[in-house]
Amino acid sequence: MRAKRQWADLSSTPVQRARCTENTALHLERTGTVDRRTPGREKVSISAGQIYPAQPRVPRSMSQTKCLLSFTSVVLMAATTSTGCPRSHRPADARASTPNVAPTVHPEGAQAKTSATFGTAASQEASALAKMSRAERDSPPTATEADAFIAQTNVDLKELWTNAARAEWVKSTYITDDTEILAAQANEKVMAYMSRANREAVRFDGVETSVDTRRQLQLLKLAQSLPAPADPAKRKRLAEIAAKLEGLYGKGKFCKQTPKGESCRDLESLSAVLSKSHDYDELLEAWQGWRTISPPMRPLFKEYVALANEGAQEIGFKNLGEMWMSGYDMSPAEFAETTSKLWTQVSPLYEALHCNVRAKLARTYGAERVPPQGPIPAHLLGNMWAQEWAYIYPLVRPYKVAGDIDVTRALKKKRKSELDLVRLGEKFFTSLGLDPLPDTFWTRSMFVKPTDRDVVCHASAWDVTYGNDLRIKMCIKVDQEDLITIHHELGHNYYFMYYHDKPVLYQNGANDGFHEAIGDMLALSVTPGYLKSVGILDSVPRDTPEALINRQYKDALEKVAFLPFGKLIDEWRWKVFSGEISPENYNQAWWNLREKYQGVAPPVERSESDFDPGAKYHVPANVPYTRYFLARILQFQFHRALCRIAGHEGPLHTCSIYGNQEVGKKLEAMLAMGSSKPWPDALEALTGERAMDASAMIEYFEPLMKWLGEQNKGLSCGW
């Protein structure tokens with residue numbers, strides 16, 4: 001009761017005392033320093049240095065100042081422990097910087113220096129006052145308050161996400177139970193902040209604000225791909241589940257007994273079997289083996305869906321899927337229609353490729369294993385998820401003629417290291433006049449898989465501090481696939497670089513498909529001529545019609561084959577989040593969509609005791625996936641536009657923008673916009689067009705499409 005008595009002594013009259021109590025309670029609610037996880041008692045942590053940041057601010061009244069300063073003194077006097085509270089993780093794409101304005105909201109953003117425990121009566125009083133509606137305690141919100149709220153939110157998010165990103169980086173590059181717990185705690189704090197900030201933002205829904213503030217208020221609702229419920233226990237549980245799901249994936253291994261004892265293989269070694277072996281049974285064992293890691297995820301995933309949906313509903317969305325679809329400057333229904341339209345444009349090209357590949361695999365494995373008119377068994381396509389098919393190129397190559405370019409062999413012949421591949425990627429960007437990567441990129445990134453610990457090898461790009469602390473995390477292999485992946489990840493890094501001075505809510509791509517498309521667009525310029533110019537190839541073979549078809553066929557095995565997979569993952573999740581797919585039907589619905597869009601099927605019977613969606617990283621890691629489908633479309637649309645700027649003449653597939661600084665200026669201007677404008681504005685700035693359009697992809701693969709039409713005559717296409 002000591003703390004309560006001191007609190008009561010802050011003012012000399014009952015009215016002053018009530019006002020001081022109310023203002024303090026409201027401050028605690030807004031700063032997120034009230035921890036209600038302990039029943040009956042409230043733990044309060046305040047960083048005195050963060051109550052009044054050293055920056056321009058809206059003036060407070062003397063009474064407000066006196067009240068807060070007096071309360072701070074009480075807390076410091078009552079402190080019994082000193083603790084540093086971990087802060088949280090960003091959503092994969094948001095970044096931060098901020099103008100200097102007054103603090104309106106400051107949840108858990110500051111590292112706590114002291115903590116104190118208050119008596120039950122004081123806790124109940126503070127809690128009751130904190131729950132009062134604004135209408136009951138203050139005048140209606142104004143545009144000025146909205147501006148101040150957004151400015152302070154940008155400040156807080158940068159600090160929160162930076163600290164959480166550090167925890168996530170350590171967890172991803174050093175997976176242990178402890179690092180998972182630390183990341184979960186950090187993410188919980190971000191969830192707590194976002195939950196409160198979004199409830200605060202709702203107050204401004206009817207306020208006439210500037211276009212800039214209104215856009216940031218909307219982006220705030222979409223700033224996390226995993227919104228948490230306001231209830232602290234549920235929020236904590238969601239953070240734990242999220243960390244556990246990704247940890248199960250990252251530590252996943254297939255183990256079996258051998259004459260020499262137990263043998264365990266991770267995703268990397270199992271994927272190597274899929275990419276190199278042509279032994280049907282060996283491929284099947286690797287495919288089934290990896291899927292033994294995901295059944296434990298199933299009950300966790302069911303719980304995650306319920307909690308994430310609750311979080312999305314609390315900020316105004318029907319479910320998490322609707323929230324994800326709302327991030328494209330259009331309604332969810334319009335977005336679903338847009339993706340369907342794009343798929344309609346490209347599906348004839350995919351179906352022609354599928355038909356040709358299936359016929360050739362049937363010749364290799366036999367019609368009894370590859371039905372000539374049915375779906376292709378998923379383990380025969382060279383990739384653990386049958387998402388890209390480049391590794392089966394030796395089995396399906398159109399022509400066995402001179403002129404084929406083996407980039408992997410060329411890289412190894414030149415004795416290129418993992419670091420050499422990254423420097424090669426950077427060189428492409430700097431050839432356009434863009435800045436070199438910061439020195440810290442080279443010292444802080446993870447390029448090679450460590451031998452002494454578990455890591456998440458899935459390639460990713462980072463700006464850990466939202467201030468140009470650029471990194472990539474990869475277990476690089478010296479081959480063509482990882483050379484392209486490096487260009488892709490550096491595309492993210494260069495996007496980060498050019499918008500890192502924007503407020504945090506604008507530190508994102510125009511839409512997430514833009515973010516994924518930049519590096520892939522540059523990779524389209526990795527032509528034979530480019531490879532010769534940078535010293536990978538000693539000479540460029542004569543470009544015969546057969547060599548061109550071989551090259552386009554190989555490109556299509558990666559870029560075109562991916563399209564249906566890129567679309568169906570989120571379609572499955574949207575239906576899960578909406579309840580159209582029930583937990584009792586997770587796996588069957590997954591394979592129904594895989595067959596519908598991809599024309600692939602499981603090689604052995606699957607049941608609801610399996611959880612095959614969890615064997616794909618982005619599902620347990622809660623990463624929306626439609627962005628990759630859009631990126632496959634946008635990269636060609638970007639490429640065509642930049643080739644026009646470069647003055648390229650001739651077929652689109654022959655264009656390389658390498659070294660063109662006019663193109664670099666145009667690209668830099670679009671990157672620097674971040675998400676400050678709706679994506680049609682950013683698209684128009686780069687391409688002169690305002691709608692996503694797959695016609696550039698069809699134009700690029702025109703020679704292949706014509707060839708497939710001739711080759712597939714007499715075959716029964718479809719499945």
For [X] and [Y], does a side-chain donor sit closer than 3.5 Å to a side-chain acceptor?
| X | Y | answer |
| --- | --- | --- |
| Asp570 | Trp324 | no |
| Gln588 | Asn592 | yes |
| Thr440 | Trp442 | no |
| His458 | Tyr249 | no |
| Lys236 | Gln185 | no |
| Tyr597 | Glu571 | yes |
| Glu282 | Ser277 | yes |
| Lys554 | Asn550 | no |
| Asn622 | Tyr304 | yes |
| His492 | Glu516 | yes |
| Ser582 | Asn585 | no |

[X] side, atom [atom1]; [Y] side, atom [atom2] - distance, nearest 0.5 Å:
| X | Y | atom1 | atom2 | answer |
| --- | --- | --- | --- | --- |
| Ile633 | Leu342 | CD1 | CG | 5.5 Å |
| Arg423 | Leu437 | CZ | CG | 9.0 Å |
| Arg166 | Thr465 | CZ | OG1 | 6.5 Å |
| Phe447 | Phe441 | CZ | CZ | 4.5 Å |
| Tyr625 | Arg627 | OH | CZ | 10.5 Å |
| Ile486 | Phe428 | CD1 | CZ | 14.5 Å |

Quick check: does any side chain N or O of [X] sit under 3.5 Å from a backbone N or O of [Y], one acting as donor and the other as acceptor?
| X | Y | answer |
| --- | --- | --- |
| Trp290 | Ala615 | yes |
| Thr364 | Lys360 | yes |
| Arg358 | Gly374 | yes |
| Glu489 | Ala461 | yes |
| Ser445 | Lys473 | no |

Is the [atom1] atom of [X] crowded by more than 12 outside heavy atoms at less than 6.0 Å?
| X | atom1 | value |
| --- | --- | --- |
| Asp439 | CG | no |
| Lys251 | NZ | yes |
| Tyr617 | OH | yes |
| Arg409 | CZ | no |

In terms of side-chain geometry, is the basic nitrogen of [X] or [Y] positioned less than 4.0 Å from the acidic oxygen of its partner?
| X | Y | value |
| --- | --- | --- |
| Asp538 | Lys532 | no |
| Asp454 | Lys253 | yes |
| Glu608 | Arg298 | yes |
| Asp469 | Arg444 | yes |
| Lys427 | Asp420 | no |
| Lys256 | Glu262 | no |
| Arg606 | Asp610 | yes |
| Arg265 | Glu285 | yes |
| Glu388 | Arg632 | yes |

Self-check item: Worked verdict on Lys171 versus Glu246 for salt bridge (charged side-chain N to carboxylate O under 4.0 Å, His left out)
Solution: CA-CA 10 Å; Lys171 185 198 75 173; Glu246 190 173 5; 2.8 Å; yes
Classify the ring geometry between [X] and [Y] as parallel (under 30°), tilted (30 to 60°) or perpendicular (over 60°).
| X | Y | answer |
| --- | --- | --- |
| His653 | Tyr700 | perpendicular |
| Phe496 | His515 | tilted |
| Trp287 | His379 | perpendicular |

Is it true that [X] and [Y] have ring centroids separated by less than 6.0 Å?
| X | Y | value |
| --- | --- | --- |
| Tyr365 | His278 | no |
| Phe301 | Tyr586 | yes |
| Phe565 | Tyr628 | no |

Exercise. Report yes or no: is the cationic atom of Arg471 (NZ for Lys, CZ for Arg) closer than 6.0 Å to the six-membered ring centre of Trp169, at no more than 45° off its axis?
Key: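 Output yes; distance and angle both within limits.
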Quiz item: Do Phe629 and Leu563 have side chains that get closer than 4.5 Å, going by heavy atoms?
Solution: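 In contact.
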Quiz item: Are any non-hydrogen side-chain atoms of Ser172 and Met446 less than 4.5 angstrom apart?
Solution: no
Quiz item: Got a sec, which pairs hit disulfide bond (SG atoms under 2.5 Å apart) with one end in residues 241-286, sequence neighbours left out?
Solution: Cys255-Cys264
Exercise. State, to 0.1 Å, how close Ser225 and Leu320 come at their nearest heavy-atom pair, and which atoms those are.
Key: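 The answer is O-CD1, 3.5 Å.
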Quiz item: Excluding sequence neighbours, so at least two apart, what forms ring pair (Phe, Tyr, Trp, His ring centres under 6.0 Å) with Phe254?
Solution: none
Practice problem: Using the ring-ring contact (aromatic ring centres under 6.0 Å, His included) rule, take Phe514 and Phe638 through it: C-alpha gap first, then chi angles, then the decisive distance, then the call. | Solution: CA-CA 9 Å; Phe514 277 61; Phe638 293 170; 5.3 Å; yes
Quiz item: Would Lys416 and Asp479 satisfy salt bridge (charged side-chain N to carboxylate O under 4.0 Å, His left out), going step by step from the backbone distance to the final call?
Solution: CA-CA 10 Å; Lys416 296 295 182 182; Asp479 61 19; over 6 Å; no
